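A short worksheet on the structure shown next.
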Amino acid sequence: MAIEDEVCVIGGGLAGMTAALRAAHEGARVRLLSHKKSTLRHASGLVDILGYADGELVADPFDALSSLPKTHPYRRVGNDAVRAGLSLFDDVTGDAYRGTHTDANALVATHGGTVKPTARYPARVAPGLASRDRKTLLVGFDSLTAFDAPLAADHLAAAGVPGTTRGVTVAFPGDFRADSRVTRFARALDDDETVETASGSTPVRRALARTLESHLGDAERVGFPAVLGEGESQEVREALESSLGIDVFEVPMGPPSLLGLRLEALFQEALDEAGVRRTTGNPVTEFDASDGRIQSVSTDRNGRPTPFHADEFVLATGGLVGKGIDSDREGVVEPVFDCHVPHPDDRYEWFDDEAFGDHPFARFGVDVDDDLRPLDADGGAEYDNLRAAGGVLGGADFAAEKSGSGISLATGHAAGRAAGAAANQ
């Protein structure tokens with residue numbers, strides 16, 4: 001039996017979920033198709049708008065958007081769409097995030113000891129903003145090698161952040177396996193498990209505080225890797241703050257990221273509340289089109305196609321990293337609808353000779369019109385009822401600009417709004 005909806009969004013990342021939510025807010029019946037789980041679980045949980053332009057740190061991203069090339073996704077949708085995307089994000093995340101009080105970027109310390117300019121950041125990160133002149137102690141665990149606290153502290157000092165930063169590595173209280181995942185530490189703190197210490201059986205939160213007492217010195221705040229609970233961590237942080245007598249914050253980590261997982265859960269809750277139907281686990285491998293419009297897409301389930309019909313479609317499958325854009329020795333392609341991806345024929349023109357140079361491949365993606373419809377090689381719309389959002393769009397170097405999340409929110413919002421409105425006509 002054919003599955004019919006008014007809007008079908010392909011891609012379950014931040015752009016896809018934003019597009020699906022916005023289309024649902026337009027009153028459309030929405031289906032979200034995703035091959036795999038959201039990439040948010042691999043992300044830091046920070047939300048950037050624009051951190052760097054022309055290699056220079058951006059203090060206020062909205063002041064810098066007009067300086068971007070006209071082909072940049074932000075220029076396509078305009079400043080109002082960027083603010084609208086952020087507003088949707090704020091509605092979804094509520095008290096779990098900070099940064100709504102200002103347009104200026106905040107400076108957040110990462111687990112590598114770098115400073116990242118960002119527009120929205122989890123509440124559990126907020127007490128550790130690098131721009132605040134406070135004496136800081138970073139704490140790492142010897143069984144969690146992904147965070148080297150002394151090295152991160154040295155890097156932050158070299159970056160010239162205000163105040164002094166020290167780092168220390170300690171043993172996490174209790175008998176945990178050397179290869180324990182971050183979720184294991186988080187659950188132990190959530191449940192305040194009893195662990196065995198030199199003083200006898202002790203709740204793990206109290207044991208952790210006791211472990212740190214001799215290391216605090218004159219520190220005014222202490223930062224842990226982001227393992228202080230799987231949920232909001234407010235109870236865990238308050239317990240540690242009460243015991244230590246200073247502010248406690250978390251440092252965003254790489255995958256698996258508890259901050260990213262929490263953000264994913266917040267969006268999924270919002271999708272469920274909005275009535276968005278979610279189908280996960282199978283890739284879109286075929287589509288049917290006629291008269292310049294897509295009629296349906298089909299997912300592959302163990303060799304059997306399952307068709308999904310809709311009036312409007314949004315492509316939000318990601319960029320080169322997420323395989324929403326693919327490449328081989330023959331060229332660069334968009335694998336779902338075979339949309340045109342502008343790129344030089346000569347592969348040696350795809351990259352710069354310098355390792356950290358301006359690599360053209362970083363901006364590969366589909367070109368779109370002002371309604372975010374992908375364009376063919378002649379500049380016409382590929383399909384009248386197809387729009388693209390997020391990393392699949394060309395014209396931006398997400399990594400260098402620190403703009404990926406903001407582009408996903410802005411273009412996802414714009415594509416979802418347009419698709420939802422068109423479906424209701």
Side-chain angles (χ1 to χ4, degrees), residues 7 9 11-26 28 30 32 38-40 43-51 53 58 60-66 68 72-94 96-106 117-122 260 263-264 266-271 273-274 276 312 314-319 324 365 368 370-373 387-393 395-396 398 401-421:
V7 175
V9 179
L14 186 58
M17 291 191 290
T18 300
L21 272 177
R22 190 61 185 86
H25 292 169
E26 287 289 326
V30 182
L32 179 65
S38 166
T39 54
L40 285 177
S44 65
L46 304 177
V47 173
D48 317 318
I49 297 300
L50 185 67
V58 170
D60 186 333
F62 290 97
D63 284 346
L65 294 183
S66 61
L68 298 172
H72 194 284
Y74 280 145
R75 296 292 300 276
R76 291 290 192 193
V77 298
N79 284 26
D80 287 346
V82 182
R83 292 190 181 278
L86 270 182
S87 179
L88 182 147
F89 177 87
D90 295 337
D91 288 342
V92 168
T93 57
Y97 270 72
R98 300 288 185 267
T100 60
H101 64 292
T102 177
D103 283 346
N105 278 324
T118 191
R120 298 290 188 272
Y121 44 94
L263 180 56
E264 178 186 53
L266 290 170
F267 264 85
Q268 289 176 346
E269 290 169 11
L271 290 169
E273 290 175 3
V276 174
E312 302 290 327
V314 177
L315 178 67
T317 46
V368 294
D370 289 342
D371 198 33
L372 294 178
R373 294 181 299 176
R387 293 169 180 82
V392 75
L393 297 173
F398 305 107
E401 296 171 356
K402 299 295 183 286
S403 61
S405 299
I407 288 175
S408 291
L409 289 170
T411 60
H413 186 280
R417 179 179 58 186

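This is a predicted model, so every value here is computed, not measured.
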*Stepwise side-chain contact (heavy atoms from CB on, under 4.5 Å) check, Thr18 with Ser408*: CA-CA 8 Å; Thr18 300; Ser408 291; 5.9 Å; no
*asked:* A side-chain contact here means heavy atoms from C-beta on lying under 4.5 Å apart; do Pro122 and Leu46 qualify?
replied: yes
*For the atom pair CZ (Arg417) and NE2 (His25), what is the distance rounded to the nearest 0.5 Å?*
13.5 Å
*Worked verdict on Asp370 versus Arg76 for side-chain contact (heavy atoms from CB on, under 4.5 Å)*: CA-CA 5 Å; Asp370 289 342; Arg76 291 290 192 193; 3.6 Å; yes
*Which heavy atom in Gly51 sits nearest to a heavy atom in Asn105, and how many Å separate them?*
CA-ND2, 4.1 Å
_Closest heavy-atom pair and its distance - Thr317, Leu315_ = OG1-CD1, 3.6 Å
_For Tyr97 and Phe89, take the angle between the two ring planes, folded into 0 to 90°, and tell me which bin it lands in: parallel under 30, tilted 30 to 60, perpendicular over 60._
perpendicular
*Provide the closest heavy-atom pair for Ile407 versus Ala396 in the form atom of the first, atom of the second, distance.*
CD1-CB, 3.6 Å
*Starting at OH of Tyr74, measure out to CG of Leu68 and round the result to the nearest 0.5 Å.*
8.5 Å
_For the student: nearest non-hydrogen atoms of Gly390 and Ala15, plus distance_ = CA-CB, 3.6 Å
*asked:* Can you tell me how far apart OG1 (Thr93) and CG (Leu263) are? Round to the nearest 0.5 Å.
replied: 7.5 Å
*Should Asp48 and Phe398 be marked as a side-chain contact (heavy atoms from CB on, under 4.5 Å) after you check the CA-CA gap, both sets of side-chain angles, and the distance that decides it?*
CA-CA 10 Å; Asp48 317 318; Phe398 305 107; over 6 Å; no
*Roughly how far apart are Asp91 CG and Leu86 CG, rounded to 0.5 Å?*
11.0 Å
*Supply the atom-to-atom distance Glu273 CD to Leu21 CG, rounded to the nearest 0.5 angstrom.*
9.5 Å
*With sequence neighbours excluded, tell me which residues meet salt bridge (charged side-chain N to carboxylate O under 4.0 Å, His left out) with Arg387.*
Glu312, Asp371
_Run the salt bridge (charged side-chain N to carboxylate O under 4.0 Å, His left out) test against Asp90 and tell me which residues pass, sequence neighbours left out._
Arg120
_Tell me the closest heavy-atom pair linking Val314 and Ala419, and the distance in Å._
CG2-CB, 3.9 Å
*Grab the two heavy atoms, one from Leu266 and one from Val92, that are nearest each other, plus how far apart they are.*
O-CG1, 3.6 Å
_Between Asp103 and Arg83, is the side-chain contact (heavy atoms from CB on, under 4.5 Å) condition met? List the steps._
CA-CA 10 Å; Asp103 283 346; Arg83 292 190 181 278; 3.0 Å; yes
*Measure from the side-chain N and O atoms of Ser403 to the backbone N and O of Leu50, and report whether any donor-acceptor pair falls under 3.5 Å.*
no
